[in-house]
Number of protein chains: 2
Amino acid sequence: MSSIKELARRCGVSVATVSRVFNTPEIVSPGTRRHVLDMAAEVGYLPNESARTLATKKSNMVGLVWDTDHRRPGWRHPFLQDILVALKSALSAQGLHLLMLAPDRGAGPDSRQRFLRAVQRHNVDGVVIIDNGSRDPAVLALVDAEVPCVALDLRFTGPTCTSITSDNAGGGRLAAQHLIDRGHHRIATITGPPETWPAAERLAGFRAALTEAGQPLADADIASGDWYLDSGYAAMKRLLPRSPTAVFAAGDEMAVGAMRAIHEAGLRIPGDIAIIGFDDIEVAALVPPGLTTVAQDKTGIGTAAAEAIVAMLLGSPAPAEPTTLPTALITRGST
Amino acid sequence: MSSIKELARRCGVSVATVSRVFNTPEIVSPGTRRHVLDMAAEVGYLPNESARTLATKKSNMVGLVWDTDHRRPGWRHPFLQDILVALKSALSAQGLHLLMLAPDRGAGPDSRQRFLRAVQRHNVDGVVIIDNGSRDPAVLALVDAEVPCVALDLRFTGPTCTSITSDNAGGGRLAAQHLIDRGHHRIATITGPPETWPAAERLAGFRAALTEAGQPLADADIASGDWYLDSGYAAMKRLLPRSPTAVFAAGDEMAVGAMRAIHEAGLRIPGDIAIIGFDDIEVAALVPPGLTTVAQDKTGIGTAAAEAIVAMLLGSPAPAEPTTLPTALITRGST
DNA sequence: CATGGCAATGTAACCGGTTTCATGAAACCG
DNA sequence: CGGTTTCATGAAACCGGTTACATTGCCATG
């Protein structure tokens, strides 16, 4: 494994010149540049990233803060994989690697410093945060420390922090409009955890569209869940006595749970109750009769996150407003 | 951001002593050790990983080789996320970070070196390979270079390379036995790409169990797909003329596709045709009437991969035989 | 009481790059 | 033609750690 010194010696130039060939090739004469590049290829020279990071304090690594501790909420969501793939691909295209950060061991498992320490030790250039709404103090510590941050579906702002989100309010409106168009009048909804931003936005959009249509949503027609299937099932059971003709579930998993409750009650979809979800996860297309849903652009989210972090690394200020991606109605058999 | 020199000065000791406090605390006297640790906490000293890596050539990072280039196969599989979470958690517990490697930009996108170069530049200690069966030359380059490797569902061996896999053959037998127990005699199967190891093993196990039961599998009762839904649908269409009473699909996605073809043919599940899948992905539980399947232990795979890589980093030789995790029959409505 | 061994620590070389500053040669200018 | 720029390059400090080796003081030993 040849070092820069070795290469410099073989080329009969100084290490500084070799360094320049790789970093600022325009200031080295075409002749030596060529010579050095040829020789580098011949001996298989690869600049050592640790040494480079040590000298420049830039690592070309973006940290991923994703707390997969099973005691914590939010770590699993069936479309995170799609987002992750898009994020990783887009970063790769820029030559950036994605470092999935382990919480620092020096700090305790609940320490506010557990991510910040890992970030600082590795000179990570910026971080992407996947945290599903629990305003974890360890995440806030990153924002406070002014690490360049991009949060997914989380409303964080700061001089170095921005967020990416789907147009949740718009999606809520899409859902409402769709049900109204189908002629429904007794409409109920299953929301996510009310304290989370996406849940609040979806509900707000949904409610606003209904109100504008002259069919304001009664509080009794709102049940909340935790995004996961069982909670959708339970919420639907609570709503059944209100005998709605249509239900908007703010997440597809909850929608599937609700469908199960509807079936168990001996009712038919969409004949007796229509249902519309949110997210467009894989199962939505597979569960009969097909779940109508408001699709999030998962690939778009991942890509936008990569673009946002890259822009910040290049010196752009963090946009104060979240980057909002459009949602789209996918009509299937359930409405 | 204080350096080791700064800390040493404040403690009135040499940098070597400070270094020892963090690396070999047992050889420094309790008094100074305590003093240094206290002072370190006070000034928020964090050892710089790049400097450490430069000096030791160990990075405490495990590389993840997962080619998410959409032109290549195998990058998406609905349960990769579960494996990834388990892998990351298990590595985190050992203080290891997971670096999702971007293909090296210096090498061309199809270069055999594209992962190896990235690995070498970053002094990654070992790699985990997710590659779904396409014996990518760039992956082989890692094996050849004797980078410690753990491959998932891929039969790679070498002095520094081992693999983790579910007991695919055993799973195939489980499926066959289950169908036999249910009294089926006209049994067909949808396999994965025949050249991939998991597909071959599942088929082999399935076939062996049938043969032992005196019901050898006819070649005409075998159709193959590419793991994804549409191919299962198409394969089932090809099998329908054989009028099987039971079908084993070697992957749940294909099974769901097959179910669709069965329904479209006006047949009922399990009344007319029973179907059993493999994997136990999320949808299996959700698609009516519930897909009986052979479950893989996704969390187990991720955890085993972490353990294998850790063992190799600690100096154990790479096990020549794959680590095989048990599969389990999950009975649902489809059989 | 000299001596050898051990425990604790310090000194300094080294890991492999980047970058500031200095230098020499060539080009440019009036 | 002397003086000033400009361009290409080199020398050396520096980034922040680790570690081989040297040094010191102390204690047990013969």
Side-chain angles (χ1 to χ4, degrees), chain A residues 1-37 39-40 43-61 95 104 106 117-125, chain B residues 1-37 39-40 43-61 95 104 106 117-125:
Chain A
M1 187 72 54
S2 58
S3 73
I4 198 174
K5 276 184 196 121
E6 168 80 0
L7 181 56
R9 194 181 54 69
R10 280 172 114 101
C11 293
V13 298
S14 71
V15 294
T17 298
V18 174
S19 180
R20 288 184 192 110
V21 166
F22 289 97
N23 297 303
T24 47
E26 62 278 8
I27 68 166
V28 37
S29 77
T32 45
R33 188 194 313 164
R34 157 113 321 190
H35 184 205
V36 170
L37 286 176
M39 186 64 76
V43 304
Y45 168 72
L46 292 176
N48 179 311
E49 292 295 330
S50 301
R52 196 189 269 242
T53 298
L54 179 57
T56 62
K57 298 179 180 329
K58 303 228 154 292
S59 63
N60 288 322
M61 294 192 302
D104 189 79
R117 288 172 63 120
V119 162
Q120 292 176 333
R121 288 168 79 120
H122 286 87
N123 290 106
V124 158
D125 297 334
Chain B
M1 189 69 57
S2 59
S3 73
I4 197 174
K5 279 184 194 120
E6 168 80 0
L7 180 56
R9 194 181 53 70
R10 281 170 113 102
C11 294
V13 299
S14 72
V15 295
T17 298
V18 174
S19 181
R20 288 182 192 111
V21 167
F22 290 98
N23 297 304
T24 47
E26 62 279 8
I27 69 165
V28 36
S29 77
T32 45
R33 187 193 314 162
R34 156 113 322 189
H35 183 204
V36 170
L37 286 175
M39 187 64 77
V43 304
Y45 168 73
L46 292 176
N48 180 311
E49 292 297 328
S50 300
R52 197 191 272 245
T53 299
L54 180 58
T56 60
K57 301 183 177 326
K58 303 230 155 292
S59 63
N60 288 322
M61 294 191 303
D104 189 79
R117 290 172 61 119
V119 162
Q120 291 176 334
R121 289 167 79 121
H122 286 86
N123 289 107
V124 158
D125 297 335

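Protein chains get the first letters and strands the later ones, always in sequence-line order, with residue 1 at the start of each. Just so it is clear, the structure is predicted and the values come from calculations on it, not from any experiment.
No donor-acceptor pair closer than 3.5 Å links the side chain of A:Asn123 to the backbone N or O of A:Lys58.
Here the closest non-hydrogen pair linking A:Thr53 and A:Ser59 is OG1-CA, 3.5 Å. Of all non-hydrogen atoms in A:Ile4 and A:Ser19, the two that sit nearest each other are CD1-N, 3.8 Å. Across all their heavy atoms, B:Gln120 and A:Leu46 have their closest contact at OE1-CD1, 3.5 Å.
B:Arg52 and B:Asn23 form a side-chain donor-acceptor contact under 3.5 Å, judged by distance and modelled atom types alone.
Residue A:Asn23 places at least one side-chain N or O closer than 4.0 Å to OP1 or OP2 of C:dT18. Dashed line: the shortest gap from a side-chain N or O of B:Lys58 to OP1 or OP2 of D:dT18 is not under 4.0 Å. A sub-4.0 Å separation between OP1 or OP2 of C:dT9 and a side-chain N or O of B:Ser29 is present. Taking only side-chain nitrogens and oxygens, B:Lys5 never comes nearer than 4.0 Å to OP1 or OP2 of D:dC14.
Note that the NE2 atom of B:His122 and the CE atom of A:Met61 stand 6.0 Å from one another [nearest 0.5 Å]. Atom OG1 of A:Thr17 is separated from atom CG of A:Leu7 by 11.0 Å, given to the nearest 0.5 angstrom. The OG atom of B:Ser14 sits 6.0 Å away from atom CZ of B:Arg20, with the distance rounded to the nearest 0.5 Å.
Side-chain atoms of B:Ala51 lie closest to D:dG17 of the nucleotides D:dA8, D:dA12, D:dG17. Distance from the side chain of B:Ser3 is smallest to D:dG17 among C:dC15, D:dT9, D:dG17. When distances are taken from the side chain of A:Ser14 to each of C:dG16, D:dG10, C:dG10, the shortest belongs to D:dG10. Listed candidates were D:dC21, C:dG16, C:dT18. Nearest to the side chain of A:Ser19 is C:dT18. Taking only side-chain atoms of A:Leu54, from C-beta outward, the nucleotide of D:dG17, C:dG16, C:dT18 with the closest atom is C:dG16. Among the nucleotides D:dG10, D:dG16, D:dT9, the one closest to the side chain of A:Ala16 is D:dG10. With distances taken from any side-chain atom of B:Ile4 to the nucleotides C:dT18, D:dG16, D:dT19, the minimum falls on D:dG16.
When the P atom of D:dT9 is taken as reference, atom CZ of A:Arg9 falls 19 Å away, rounded to whole Å. As a whole-Å value, the separation of A:Leu7 CG from C:dG17 P is 9 Å. Here the C1' atom of nucleotide D:dC14 and the CZ atom of A:Arg52 are 17 Å apart, to the nearest Å. Distance, A:His35 NE2 to D:dA8 P: 18 Å, rounded to whole Å. Rounded to whole Å, atom C1' of C:dA7 lies 13 Å from atom CZ of B:Arg33. A:Asn123 has its CG atom 10 Å from the P atom of D:dG17, to the nearest Å. At whole-Å resolution of the value, CD in B:Glu6 and P in D:dC14 are 16 Å apart. Atom CD of B:Glu26 is separated from atom C1' of C:dA8 by 13 Å (rounded to the nearest Å).
Here B:Val18 lies out of heavy-atom contact (under 4.0 Å) with every strand. Counting any heavy atom pair closer than 4.0 Å across all strands shown, A:Phe22 reaches no nucleic acid atom. Using a 4.0 Å heavy-atom criterion, one finds that A:Thr32 contacts the sugar-phosphate atoms exclusively. Among the protein residues, A:Gly12 comes within range of the sugar-phosphate backbone only, with heavy atoms under 4.0 Å from sugar or phosphate atoms but none that close to a base.
Of the residues near DNA chain D, B:Ser50 and B:Arg20, the one whose nearest nucleotide (by heavy atom distance) lies more toward the 5' end is B:Ser50. Along DNA chain C, the nucleotide nearest to B:Ile27 and the one nearest to B:Ala55 differ in position, and the one closer to the 5' end is contacted by B:Ile27. When the nearest nucleotides of DNA chain C are assigned to B:Thr17 and B:Lys57 by heavy-atom distance, the more 5′-ward of the two goes with B:Thr17.
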Item to check | Working for side chain to side chain contact (heavy atoms under 4.5 Å, CB included), residues A:Glu6 and A:Arg10 | outcome: CA-CA 6 Å; A:Glu6 168 80 0; A:Arg10 280 172 114 101; 2.9 Å; yes

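Summary for the helix from C:dC1-D:dG30 to C:dG30-D:dC1: the axes at its two ends, each from 5 pairs, differ by 50° when rounded to the nearest 10 degrees.
The base of C:dG16 is not paired with the side chain of B:Arg121 by any donor and acceptor separated by under 3.5 Å.
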